[in-house]
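To start, the structure itself, in structure tokens.
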Amino acid sequence: MEIVTTVAQVRERVKTWRKEGQTIGLVPTMGYLHEGHGSLITKARENNDKVVVSIFVNPMQFGPTEDLASYPRDLEKDSAFCESLGADLIFHPEPEEMYHKGFSSYVDMSILTEELCGLSRPVHFRGVCTVVSKLFHIVTPDRAYFGEKDAQQLAVIKHMVDDLNMDIEIIGCPIVREADGLAKSSRNTYLSPEERKAALVLSQSIRLGEEMVKNGERDAAKVIDAMTKKIESEPLAKIDYVKIVDALTMQQIPKIDRSILCAIAVYIGSTRLIDNFHASIEPCETN
Ligand code: AMP
């Protein structure tokens with residue numbers, strides 16, 4: 001496995017692979033890797049001849065008051081992890097390599113980014129779409145792998161690829177959790193031991209909502225209300241949002257009568273964590 005830092009180096013490797021007829025899988029990440037990222041790399045390893053992992057804390061997707069400077073970084077540990085999973089190349093550029101002086105082209109998206117994290121983090125998805133587009137142009141993968149943990153991001157990327165006719169298959173991978181249910185996240189490292197315990201309220205409320213829907217509840221407000229109460233029972237938790245949206249359009253819906261995404265964002269102390277569940281309801285199952 002090799003670590004490269006420039007676009008030219010990636011292009012050179014990709015050119016050779018293409019000449020040999022090799023397929024390429026890309027796993028875009030911000031590093032500080034854990035088993036959630038690992039599941040994406042493993043999936044990419046299964047389906048492609050070559051696997052590229054990008055590790056780039058993308059300044060463009062962070063708002064001015066967010067945690068860009070403190071975001072955890074550990075390239076040495078990350079590269080050992082990628083190597084152990086059989087990745088072929090890590091692309092680890094500096095911000096200046098991705099955004100040269102005078103950079104002024106962006107990929108933006110409407111509708112799908114109006115709700116959920118797009119509402120709380122106004123510049124986030126413009127940053128995500130721009131950097132992912134750039135990575136797609138640099139690596140030219142056959143397939144790219146994203147986690148369902150960031151469900152809105154996955155929907156946005158799928159939509160972008162479709163809108164802009166990018167010839168790349170987008171593969172969504174299930175949420176990987178800690179043994180006690182907390183969704184794995186690089187940001188979990190911010191939590192104090194007391195906050196780590198409190199953070200369990202996210203997965204607990206997700207399980208509660210999921211059970212209600214499984215048991216036939218079709219009124220979105222009732223599910224949201226129960227989940228909200230559960231989260232509010234934890235004194236260290238502060239809700240950013242608890243919402244149920246159409247899984248394709250990301251628009252809020254009052255009735256659970258289709259493929260839906262129930263997504264939450266909750267501050268535990270000053271750490272913002274997210275979680276979600278999907279449900280697919282046939283229209284005839286509603287009353
Ligand atoms: P990040 O480094 O947080 O930008 O995440 C890089 C990719 O890993 C994204 O596609 C995430 O959705 C995915 N990911 C992060 N955490 C998890 C998790 N717990 N389970 C599955 N995928 C994850």
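Atoms within a ligand are numbered from 1 in the order they appear, just like the ligands themselves. The residues of the chain are indexed from 1 along the displayed sequence.
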Original post:
Going by the atom numbers of ligand 1, which of them fall below 4.0 Å from some non-hydrogen atom of His34?
Top reply: 15 (C), 16 (N), 17 (C)
**OP:** Using a 4.0 Å heavy-atom cut-off, say whether Ser186 meets ligand 1 through its side chain, its backbone, both or neither.
**Re:** neither
**OP:** Could you list which atoms of ligand 1 come closer than 4.0 Å to a heavy atom of Lys184?
**Re:** 16 (N), 17 (C), 18 (C), 19 (N)
**OP:** Using a 4.0 Å heavy-atom threshold (strictly under), name the region of Ser185 that reaches ligand 1: side chain, backbone, both or neither.
**Re:** neither
**OP:** Ignoring hydrogens and angles, state whether a donor on the side chain of Ser120 or Asp240 is under 3.5 Å from an acceptor on the partner side chain.
**Re:** yes
Subject >> Between Gln252 and Glu115, a side-chain donor and acceptor under 3.5 Å >> reply: yes
Original post:
Is it the case that one hydrophobic cluster holds both Phe125 and Met250, taking links as side-chain heavy atoms less than 4.5 Å apart, direct or via other members?
Top reply: yes
Original post:
So does Asp275 pair up with Arg177, basic N to acidic O under 4.0 Å?
Top reply: yes
Subject >> Enumerated ligand 1 atoms positioned under 4.0 Å from heavy atoms of Phe146 >> reply: 10 (O)
Original post:
To which protein heavy atom is atom 10 (O) of ligand 1 closest, and what is the distance rounded to 0.1 Å?
Top reply: Gly147 N, 2.9 Å
Subject >> For Pro28, atoms of ligand 1 separated by under 4.0 Å from a heavy atom >> reply: 6 (C), 7 (C)
**OP:** For ligand 1, note which part of Gln153 has a heavy atom under 4.0 Å away: side chain, backbone, both or neither.
**Re:** side chain
Subject >> ligand 1 contact on Leu33 by region, counting heavy-atom pairs under 4.0 Å >> reply: neither
Subject >> For Leu40, the ligand 1 atoms whose distance to one of its heavy atoms is below 4.0 Å >> reply: 7 (C), 8 (O), 10 (O), 13 (C), 22 (N)
**OP:** Distance to 0.1 Å, residue and atom name: give those for the protein heavy atom nearest to atom 4 (O) of ligand 1.
**Re:** Met30 CG, 3.5 Å
Original post:
Which ligand 1 atoms does Ile175 reach within 4.0 Å, using its non-hydrogen atoms?
Top reply: 20 (N), 21 (C)
**OP:** Please determine, by modelled atom types, if Arg143 and Asn48 share a side-chain donor-acceptor pair under 3.5 angstrom.
**Re:** yes
Original post:
Among protein heavy atoms, which lies nearest atom 1 (P) of ligand 1, and at what distance?
Top reply: His37 NE2, 3.6 Å
Subject >> Shortest protein contact, atom 20 (N) of ligand 1 (heavy atom only) >> reply: Val176 N, 2.9 Å
Subject >> Shortest protein heavy-atom distance from atom 14 (N) of ligand 1, along with the residue and atom involved >> reply: Asp150 OD1, 4.3 Å
**OP:** Quick one: look up the protein heavy atom nearest atom 21 (C) of ligand 1 and list residue, atom name and how far away it is.
**Re:** Pro174 O, 3.4 Å
**OP:** Establish, from distance only, whether the side-chain atoms of Asn58 and Tyr99 form a donor-acceptor pair under 3.5 Å.
**Re:** yes
